[in-house]
Enquirer: 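Handing you this structure, nothing more for now.
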Amino acid sequence: MPKGQELHLASLFVSLICAGVVFSGPVEKSEVSKNSKVPFTCDAYCITGTSRGKEVRLTLTPIKEEGEPQASPGGKACQPVHIVFRFGMSDFFRFTAGSEMPKHAHLRFYANETPRRALSFVDVRRFRSWEPNGDWQTDSGPCIMFEYQSFRANVLSNLSDRAFDETISEAMLNQNFFNGIGNYLRAEILYRLKIAPFMKARTVLGGLFPKKRELPEVKPEQGQCQPHQAVRGTIPRNQMITFQAWLQCYYVPGMKSLRDHNGRTIWFQQGVKEEPPAKGIKKEKGGVQKRVKSHDESKKMREQEKGLKEQ
DNA sequence: CGTCCACGTCTAC
DNA sequence: TAGACCTGGACGG
């Protein structure tokens with residue numbers, strides 16, 4: 001499951017789970033989190049989720065009742081609020097009973113029910129940040145999923161950028177150009193397309209100029225921030241294949257792995273077209289091939305599946 | 001127990 | 001180019 005799609009699933013999850021649920025009161029932050037508080041409170045609001053690249057955005061929308069001006073207990077009018085989350089290694093949303101709040105739930109939205117249930121943002125390593133009143137990060141590139149043509153154009157019209165001096169493998173982690181690509185996705189993409197991971201990015205991508213692949217244009221203003229079909233109850237459950245089964249290269253026994261310049265592990269298949277690793281790329285990892293599981297990954301997918309099944 | 005590793009980015013030398 | 005930021009699971013002794 002590609003990174004972008006995974007985040008898309010996270011946003012689908014929120015929209016599906018929260019459809020029809022009325023939330024109420026303040027947004028609660030864990031004591032231990034260093035992120036900003038979310039200064040939002042409202043007697044009745046709903047939550048929807050959308051995604052763009054590596055970000056997920058929740059929208060808290062006050063529910064208006066006929067003839068009643070919507071006001072918070074403090075007297076200030078409720079306005080819709082966007083919270084943008086930068087997603088990473090160990091984070092996901094869950095919707096549980098308030099008494100069964102997951103460990104490491106750092107941001108909590110309570111439903112107006114008794115007993116209360118809560119949507120929570122779970123971030124085990126606390127690496128993630130969120131921005132109240134935030135919008136999509138301005139310096140990250142177009143979404144690889146929902147802004148495909150913009151994404152493509154942004155890459156191909158900037159091939160002189162120094163970012164493309166890197167190997168294709170390393171360049172693909174640059175979020176200015178590949179917003180949504182993560183470590184396992186670069187491995188899976190390069191493997192499936194049989195692209196040598198240590199070729200210079202410009203060499204690989206320069207070859208794409210002549211033929212333009214025609215895909216339906218997804219306009220940024222339409223594609224990136226629509227509430228998803230899940231709101232209408234059509235979550236693609238059959239697509240919730242386990243992450244592990246989906247992987248063909250990343251962490252797969254028999255594949256090679258090296259450490260890149262940023263200390264990230266590159267997974268790849270040693271192929272006939274493979275040139276020697278570019279200079280500067282370091283030590284081969286030993287012993288790791290024995291490990292079959294990508295436990296973090298499968299755990300996260302299990303969490304997401306579990307969350308859906310519980311509903 | 002300890003060590004290594006993890007879907008990532010930021011900051012400082 | 002290192003750390004820093006964090007928790008926790010797998011694995012080795």
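Reckoned from all heavy atoms, side chains included, excluding hydrogens, waters and symmetry mates. A, B, ... follow the sequence lines: proteins, then strands. Residue 1 opens every chain.
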Enquirer: Taking dC13(B) as the reference, what is the distance to dC5(C) when you measure between their P atoms (whole Å, please)?
Expert: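 To the nearest whole Å, 13 Å.
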Enquirer: For dC5(B), take OP1 and OP2 only and decide whether either is under 4.0 Å from a side-chain N or O of Thr265(A).
Expert: no
Enquirer: The side chain of Lys34(A) lies closest to which of these nucleotides: dG8(C), dC6(C), dA6(B)?
Expert: dC6(C)
Enquirer: Less than 3.5 Å apart, any donor N or O on the side chain of His106(A) or Ser33(A) sitting next to an acceptor on the other?
Expert: no
Enquirer: Do the charged groups of Arg125(A) and Asp91(A) touch, with an N to O distance under 4.0 Å?
Expert: no
Enquirer: Ignoring hydrogens and geometry beyond distance, is the side chain of Arg126(A) in donor-acceptor contact with the base of dC6(C) at under 3.5 Å?
Expert: no
Enquirer: Write down the distance separating the C1' atoms in dG9(C) and dT9(B), rounded off to the nearest Å.
Expert: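 About 23 Å, rounded to a whole number of Å.
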Enquirer: Return yes if some donor-acceptor pair links the side-chain N/O of Ser140(A) with the main-chain N/O of Gln137(A) below 3.5 Å, else return no.
Expert: yes
Enquirer: Ring centres of Phe109(A) and Phe95(A) under 6.0 Å apart?
Expert: no
Enquirer: Whenever both distances are under 3.5 Å in a Watson-Crick or G-U wobble pair, mark it; put DNA chain B into dot-bracket that way, with [ ] for crossing pairs and | when the partner is on another strand.
Expert: ||||||.|||||.
Enquirer: With rounding to whole Å, what would you report as the distance between dC1(B) and dC6(C) at their P atoms?
Expert: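 Per the computed distance, 23 Å lies between those P atoms.
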Enquirer: Using modelled atom types only, decide if a donor and an acceptor are shared between the side chain of Asn154(A) and the backbone of Asn176(A) within a distance under 3.5 Å.
Expert: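 Flag set: sc Asn154(A) to bb Asn176(A) pair under 3.5 Å.
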Enquirer: Rounded to the Å, how far apart are Tyr251(A) OH and dA6(B) C1'?
Expert: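 After rounding, the reported distance stands at 7 Å.
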Enquirer: Using the 3.5 Å cut-off, write out each protein N or O paired with an N or O of nucleotides 9-13 of chain B and the distance between them.
Expert:
residue, atom, partner, partner atom, Å
dT9(B), OP2, Lys54(A), NZ, 3.2

Enquirer: What is the separation between atom CH2 on Trp267(A) and atom C1' on dA6(B), rounded to the nearest whole Å?
Expert: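 Rounding to the nearest Å, CH2 of Trp267(A) and C1' of dA6(B) are 12 Å apart.
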Enquirer: With sequence neighbours left out, write down each residue that passes salt bridge (charged side-chain N to carboxylate O under 4.0 Å, His left out) with Arg192(A), or none if nothing qualifies.
Expert: Glu188(A)
Enquirer: Can you label the angle between the Trp246(A) ring and the Tyr184(A) ring as parallel, tilted or perpendicular, going by 30° and 60°?
Expert: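 Trp246(A) and Tyr184(A): perpendicular rings.
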Enquirer: Please report whether the ring centroid of Tyr110(A) lies less than 6.0 Å from that of Phe23(A).
Expert: no
Enquirer: By nearest atom, which of the nucleotides dC6(C), dT7(C), dA6(B) is closest to the Phe127(A) side chain?
Expert: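 The nucleotide sitting nearest to the side chain is dC6(C).
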Enquirer: Parallel, tilted or perpendicular for Phe178(A) and Phe151(A), by the 30°/60° rule?
Expert: perpendicular
